[in-house]
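Proteins come first, then strands; the chains are lettered A, B, ... in the order of their sequence lines, and each starts at number 1.
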Protein chains: 2
Amino acid sequence: MGRSSMSEAENKTGKGARVPLTPDRIVEAAFQVIEEVGLDEFSTRKLALKLHCEAMSIYHHFPSKAHLMDALVDSTLADLPPVPDDLPFPERVRVIFVGFRAVGLKRPSFFQFLSVHRLNTPFALTVLDRIIAEFRIVGFDDRTAAHLFRMLGYYVMGATLDETNGYAKGGTSVQVITEDDLRRDYPNVSAAGAYFSAENWDAIFHRGLNILLSEIETLARELPARKA
Amino acid sequence: MGRSSMSEAENKTGKGARVPLTPDRIVEAAFQVIEEVGLDEFSTRKLALKLHCEAMSIYHHFPSKAHLMDALVDSTLADLPPVPDDLPFPERVRVIFVGFRAVGLKRPSFFQFLSVHRLNTPFALTVLDRIIAEFRIVGFDDRTAAHLFRMLGYYVMGATLDETNGYAKGGTSVQVITEDDLRRDYPNVSAAGAYFSAENWDAIFHRGLNILLSEIETLARELPARKA
DNA sequence: ATAATTACCTTACACCGTAAGGTAATCCTT
DNA sequence: AAGGATTACCTTACGGTGTAAGGTAATTAT
């Protein structure tokens with residue numbers, strides 16, 4: 001009973017034309033596997049399984065798993081939506097960070113990787129450069145631009161991380177608490193907990209973002225006028 | 001030439017009285033190893049090496065590595081400084097979150113674990129319960145308490161994570177950019193980058209925290225008066 | 001002193017990332 | 001079309017991981 005699978009591409013001896021491995025195919029499959037099994041359980045062997053190839057074949061296209069993970073970071077950042085040209089200042093920054101949260105939520109398990117890694121790749125730096133440019137172009141000095149950029153980054157990164165932690169596979173403590181225990185032993189968590197569910201996330205996120213952005217807008221208005 | 005080490009405790013056949021393994025000793029050693037080798041390289045065998053015992057001996061005190069990690073989370077949260085009784089409302093919350101950042105920065109590599117795990121342990125819930133209580137006790141309704149708590153949490157978690165990522169072992173991309181490349185290809189990152197170093201972190205962190213806390217203070221003042 | 005219990009160790013297994021080198025498919029040249 | 005070169009993929013193997021199963025040594029209880 002030789003293995004026969006009429007679905008999907010199949011390398012090795014199986015019939016069906018060998019679908020060539022490419023960096024893009026590998027990256028896409030990696031995202032799938034990560035979201036299916038969680039970041040901790042993601043391995044080159046499971047990725048190979050998804051790709052119907054051997055683990056070491058991946059190494060012809062990426063010199064190491066770390067290089068692959070870097071490519072996933074870049075691919076994630078490439079998903080960021082463009083900023084409309086005619087959008088004015090504080091809103092430009094808003095759509096960038098709202099977009100960042102959106103791409104993060106699309107891949108909760110992978111975001112756990114992204115959040116603990118410095119965005120050091122050339123492409124990531126290009127993205128960061130554009131964001132920081134938004135602050136400098138409206139007249140903020142370097143120091144203030146740095147502060148405001150990081151401030152917003154903190155908030156959005158923290159928010160997205162917290163939200164993705166709720167969705168990502170794994171990452172929960174070993175002993176879990178029942179609803180009854182919660183009500184009895186942690187009344188405040190229980191009371192507020194009604195507003196911790198996913199349908200409240202948008203409201204919470206935008207509430208904080210609004211606070212930070214309106215402060216930034218106020219600061220921008222105090223800036224010496226810029227030539228048009 | 002039998003191994004002889006006059007330092008430290010030594011189990012197994014080495015002379016020197018066998019220092020008994022305890023959960024506390026294991027936890028403390030785990031923190032040390034994690035900060036020495038980084039979260040990814042942390043293993044039960046390296047932990048055993050530090051404790052002069054065998055890996056499996058740890059399993060007598062913790063049923064799994066996951067249980068140990070939970071204990072590390074609890075131990076970290078237990079380090080949070082207490083809130084002085086006489087401190088008024090918005091400042092109470094400030095010291096809690098400032099304290100959270102402080103304990104995070106003390107163990108950068110471990111914080112990478114904490115940040116992607118839900119604080120679900122009984123002790124962690126106790127801590128969270130106390131924080132949320134601060135909002136409810138001054139009169140915020142459950143929904144607002146939930147919002148403000150999470151908002152602040154997002155910011156502080158994101159800030160601490162970003163700062164610890166700068167210190168923690170590992171977590172950088174594979175190909176690193178030189179200073180010259182940075183100046184040429186990423187002028188905005190380069191300009192703002194002067195204000196990204198560690199000595200600027202406090203200023204940035206408190207700037208954002210102040211913005212959020214003063215908004216919260218404003219909201220608190222609009223609350224119907226509470227009986228003393 | 002002996003039995004029971006606790007604490008720790010040994011061995012082994014399935015899985016991980018990946019170095020080294022082999023084989024098969026493709027392309028390039030004639 | 002044939003032969004050679006190059007690329008793409010696979011096989012094997014190594015040292016690492018968490019931990020199940022069961023042994024041994026130390027401590028405590030009787």
Between [N] ([atom2]) and [X] ([atom1]): distance, integer Å:
X     : N      : atom1 : atom2 : value
A:Y59 : D:dT7  : OH    : C1'   : 20 Å
A:F62 : C:dG17 : CZ    : P     : 15 Å
B:H61 : D:dG18 : NE2   : P     : 17 Å
B:R25 : C:dC8  : CZ    : C1'   : 13 Å
B:L68 : D:dT19 : CG    : C1'   : 14 Å
A:H60 : C:dT26 : NE2   : P     : 13 Å
A:E54 : D:dA13 : CD    : C1'   : 14 Å
A:I58 : C:dC16 : CD1   : C1'   : 13 Å

Take atom [atom1] in [X]; do more than 12 heavy atoms of anything else shown fall under 6.0 Å from it?
X      : atom1 : result
B:K169 : NZ    : no
B:K65  : NZ    : yes
B:Q32  : CD    : yes

query = Which parts of residues 31-46 of chain B get close to DNA chain D, meaning a heavy atom less than 4.0 angstrom away?
reply = B:F42, B:S43, B:T44, B:R45, B:K46
inquiry  = Restricting to salt bridge (Lys or Arg N to Asp or Glu O under 4.0 Å), what partner residues turn up for B:E36, sequence neighbours left out?
reply    =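 So B:E36 forms a salt bridge (Lys or Arg N to Asp or Glu O under 4.0 Å) with B:K50.
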message = Has A:Y167 got a side-chain atom pairing as donor or acceptor with A:K106's backbone, closer than 3.5 angstrom?
response =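 The answer is no, because no donor-acceptor pair under 3.5 Å joins these two groups.
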ask   = Do the side chain of A:T164 and the main chain of A:L161 share a donor and acceptor less than 3.5 angstrom apart?
value =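 Answer holds: yes.
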task = Kindly indicate, with the supporting measurements, whether the criterion side chain to side chain contact (heavy atoms under 4.5 Å, CB included) is fulfilled by B:T22 and B:H61.
result = CA-CA 7 Å; B:T22 65; B:H61 302 270; 5.6 Å; no
key: Heavy-atom protein contacts under 4.0 Å, nucleotides 21-28 of chain D, coded B base, S sugar-phosphate only, - none   = B-------
inquiry  = Please tell me whether A:F97 and A:F100 form a close aromatic pair, meaning their ring centres lie under 6.0 Å apart.
reply    = no
request  = State, without any angle test, whether A:S197 and A:N200 hold a side-chain donor-acceptor pair at a distance under 3.5 Å.
outcome  =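 Yes, a side-chain donor-acceptor pair sits under 3.5 Å.
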